[in-house]
Enquirer: 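Below: one structure in structure tokens.
Each chain gets a letter, A, B and so on, in the order its sequence line appears, and its residues count up from 1. Hydrogens, waters and symmetry mates play no part in the numbers below; they use all other heavy atoms, side chains included.
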Amino acid sequence: MALRVYNTLSGKKEEFQPLVPGKVGMYVCGVTVYDYCHIGHARANIVFDIVYRYLQYSNYDVTYVRNYTDVDDKIIARANERGISSQELSEEFIRAFDEDMAALGLRKPTHEPKATAHIAQIIALVEQLIHKGMAYEAAGDVYYSVDKFPSYLKLSKRNMEEMQAGARIASGELKRNPMDFALWKTAKPDEPSWESPWGAGRPGWHIECSAMSSSLLGSTFDIHGGGRDLIFPHHENEIAQSEGASGKPFVKYWLHNGFVNINQEKMSKSLGNFFTIRDILKSYDPEVVRFFNLTAHYRSPIDFSDQNLEESRLGLTRFYEALAQLEIALSRSDADAEQGSVPESLAEPVERLAQLEERFRTAMDDDFNTAQAIGHMFDAVRAINRILAEESNLHGQLQGILGKGRDDLLRLGEVLGLFGSDPAAWLTRSAHEGLADAGLREAEIAALIAERRDARANRDFARSDQIRDDLAAKGIQLLDSAEGTTWKMK
RNA sequence: GGCUCCGUCGCCAAGUGGUAAGGCAGAGGUCUGCAAAAUCUCCAUCCCCGGUUCGAAUCCGGGCGGAGCCUCCA
């Protein structure tokens with residue numbers, strides 16, 4: 001089955017056919033670097049990280065471009081507040097962005113261009129638009145003339161008359177049409193600026209993406225992504241600029257991810273429910289954050305709440321516990337054990353395990369349906385646990401089946417950026433999180449476990465159970481097994 | 001007002017014409033000294049009302065409820 005993607009431009013799912021067979025050019029709008037990234041940025045970047053990974057998994061040669069917009073009104077304003085240069089500010093937050101994305105386990109794009117490193121291309125593009133009559137200069141500013149681009153608003157499917165009714169021209173702007181937008185802004189005092197045919201100035205928002213994408217991917221490429229909120233005006237304007245200049249279709253498939261809500265409310269600074277990635281990673285494992293993002297479809301809104309994150313933590317724990325048990329069973333099993341056939345009772349889980357990859361692909365081929373893909377992976381976990389529950393001593397054939405199951409799970413998990421940690425280590429780390437809140441130290445727990453072990457050996461179950469209940473009251477769950485007793489936070 | 005979109009089990013969430021994935025929570029069984037984990041079994045007819053169809057959660061119309069965009073925004 002072939003990959004199908006939902007294209008915002010057509011409003012429906014389409015079969016994905018790259019311009020050049022086997023190769024994909026993909027551009028995703030990065031961030032304007034003037035502050036720390038919030039969890040909405042995390043979602044967008046995780047979503048397109050998955051797109052990138054899945055295309056690579058599907059054997060495409062992908063060129064992934066994600067830009068930094070490092071010249072902008074907000075950067076200038078923030079830099080002035082702090083009394084530093086725009087460049088210092090943007091460099092600081094580019095570093096922060098890189099750290100955040102690395103923490104979230106994102107694969108590095110092929111190219112991460114900066115707007116300020118493409119001023120020459122931007123100026124050339126603006127000149128071209130003026131030359132073609134699509135743009136005009138006015139007092140050092142250059143504006144795009146939306147009236148010259150008949151298919152303007154084709155992406156956002158809005159109505160020009162009504163948009164115009166609501167639009168206003170800010171004082172000092174010399175627009176012919178209120179919907180016209182700036183390609184180049186004349187420099188005000190104390191602003192970063194570059195020399196141009198229209199005097200010193202700087203690029204407007206939107207033009208940098210047109211310039212960088214065409215520089216790195218050509219005038220037509222396959223996928224352009226970003227958050228829904230970028231559809232208008234940002235992406236609409238990119239289309240107008242790029243197609244206006246080249247006369248060729250800009251992008252074949254437009255992909256947009258849904259929003260992040262906080263406790264069912266829109267995330268916004270005014271509501272005070274704004275979380276940076278750094279804030280969240282203080283409380284939650286990055287892999288939990290990623291897992292949470294992938295349990296819903298990328299186009300749907302997701303609700304960021306403690307309860308939902310907690311559920312994701314439990315879900316991810318289920319995977320790691322199964323993987324940890326699998327490691328133990330596989331290491332313990334005897335390679336020389338006599339070959340045995342798979343018992344009839346395990347035919348179904350064995351079959352389910354065998355189908356994992358095919359099901360995963362079918363789900364992901366359907367517009368990157370990670371929620372369904374994870375559902376299939378949970379099925380595989382149950383199949384693994386079932387086999388382990390029934391056959392603690394793996395014979396040759398089952399060993400091979402489970403070994404392949406483990407490999408499949410890890411390989412497909414990697415396509416989603418999951419299960420990359422050593423299972424035992426992840427579980428230990430997870431167990432220790434929150435330990436301080438419980439007011440306990442590991443050594444104390446270990447001592448109590450030892451005391452309980454002795455009590456149990458003496459069949460003093462009253463004492464044994466008391467220890468367990470006391471710890472349970474503090475949120476510590478003891479887990480007895482043949483290998484001894486471990487613990488975790490409930 | 002215009003344009004998008006959503007309303008599926010207690011909660012989260014897939015499914016968009018062929019008879020409701022999965023996770024969490026819950027009930028019961030197995031395992032266990034007892035538990036936990038694991039496993040097995042059970043647990044929804046899809047906001048409401050019409051219509052199209054052999055057949056609809058899925059399509060159409062009308063309600064009701066919710067969200068987003070239209071200004072910077074992932």
Enquirer: Measure from the side-chain heavy atoms of A:F378 and tell me the nearest of B:G22, B:A37, B:U16.
Expert: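 The closest nucleotide is B:G22.
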Enquirer: Using whole Å, what does the distance between atom P of nucleotide B:A14 and atom CZ of A:F360 come to?
Expert: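 Computing the A:F360:CZ to B:A14:P distance gives 16 Å.
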Enquirer: With a 3.5 Å limit on both atom pairs, tell me what B:U4 is paired to, counting Watson-Crick and G-U wobble, or say none.
Expert: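 In the structure as shown, B:U4 has B:A67 as its Watson-Crick or wobble partner.
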Enquirer: If B:A38 has a Watson-Crick or G-U wobble mate with both distances under 3.5 Å, name it; if not, just say none.
Expert: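 The base-pairing partner of B:A38, which may sit in any strand shown, is B:U30.
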Enquirer: Rounding to a whole Å, what distance do you find between A:L153:CG and B:C70:C1'?
Expert: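 These atoms are roughly 11 Å apart.
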Enquirer: Can you tell me the pairing partner of B:C24 across any strand shown, Watson-Crick or G-U wobble, with both distances under 3.5 angstrom?
Expert: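 Pairing partner, where one exists within any strand: B:G10.
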Enquirer: Between the base of B:G33 and the side chain of A:D465, is there a donor-acceptor distance below 3.5 Å?
Expert: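 Side chain to base: pair found, below 3.5 Å.
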Enquirer: Is A:R468 side chain donor-acceptor paired with the B:C34 base, going by distance under 3.5 Å alone?
Expert: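 Checked by distance alone, the answer is yes.
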Enquirer: According to a strict under-4.0 Å criterion, is A:R359 in side-chain N/O contact with OP1 or OP2 of B:A21?
Expert: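 Indeed not, no polar side-chain atom of A:R359 lies that close.
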Enquirer: Could you measure between the two C1' atoms, the one in B:U19 and the one in B:A27, and give it in whole Å?
Expert: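 It comes out at 28 Å once rounded to the nearest Å.
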Enquirer: Rounded to whole angstrom, note down the P distance from B:A57 over to B:C47.
Expert: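 Here B:A57 and B:C47 have their P atoms 10 Å from each other.
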Enquirer: Are a donor atom and an acceptor atom from the side chains of A:N237 and A:Y152 found within less than 3.5 Å of each other?
Expert: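 Their side chains do contain a donor-acceptor pair, which is all the 3.5 Å distance test asks for.
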Enquirer: Stacking check: are the rings of A:F259 and B:G68 less than 5.5 Å apart at their centres and under 30 degrees in tilt?
Expert: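 Given the distance and angle limits, no, they do not stack.
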Enquirer: Between B:A25 atom P and A:E311 atom CD, what is the distance in whole Å?
Expert: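 One finds 8 Å between P of B:A25 and CD of A:E311, rounded.
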Enquirer: Using Watson-Crick or G-U wobble geometry with both distances under 3.5 Å, which nucleotide pairs with B:A57?
Expert: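 Across any shown strand, B:A57 pairs with none.
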Enquirer: When the C1' atoms of B:G66 and B:C48 are compared, how many Å lie between them, rounded to an integer?
Expert: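 My reading of the C1' atoms in B:C48 and B:G66 gives 15 Å.
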Enquirer: My understanding is that a pair needs two contacts under 3.5 Å, Watson-Crick or G-U wobble. By that rule, which nucleotide pairs with B:C43?
Expert: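 Paired with no nucleotide.
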Enquirer: Does A:R66 make a cation-pi contact with A:F48, if we ask for NZ or CZ under 6.0 Å from the ring centre and within 45° of the axis?
Expert: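 No cation-pi geometry.
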Enquirer: Can you tell me how far C1' in B:U52 sits from the matching atom in B:G10, rounded to whole Å?
Expert: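 It works out to 35 Å between them.
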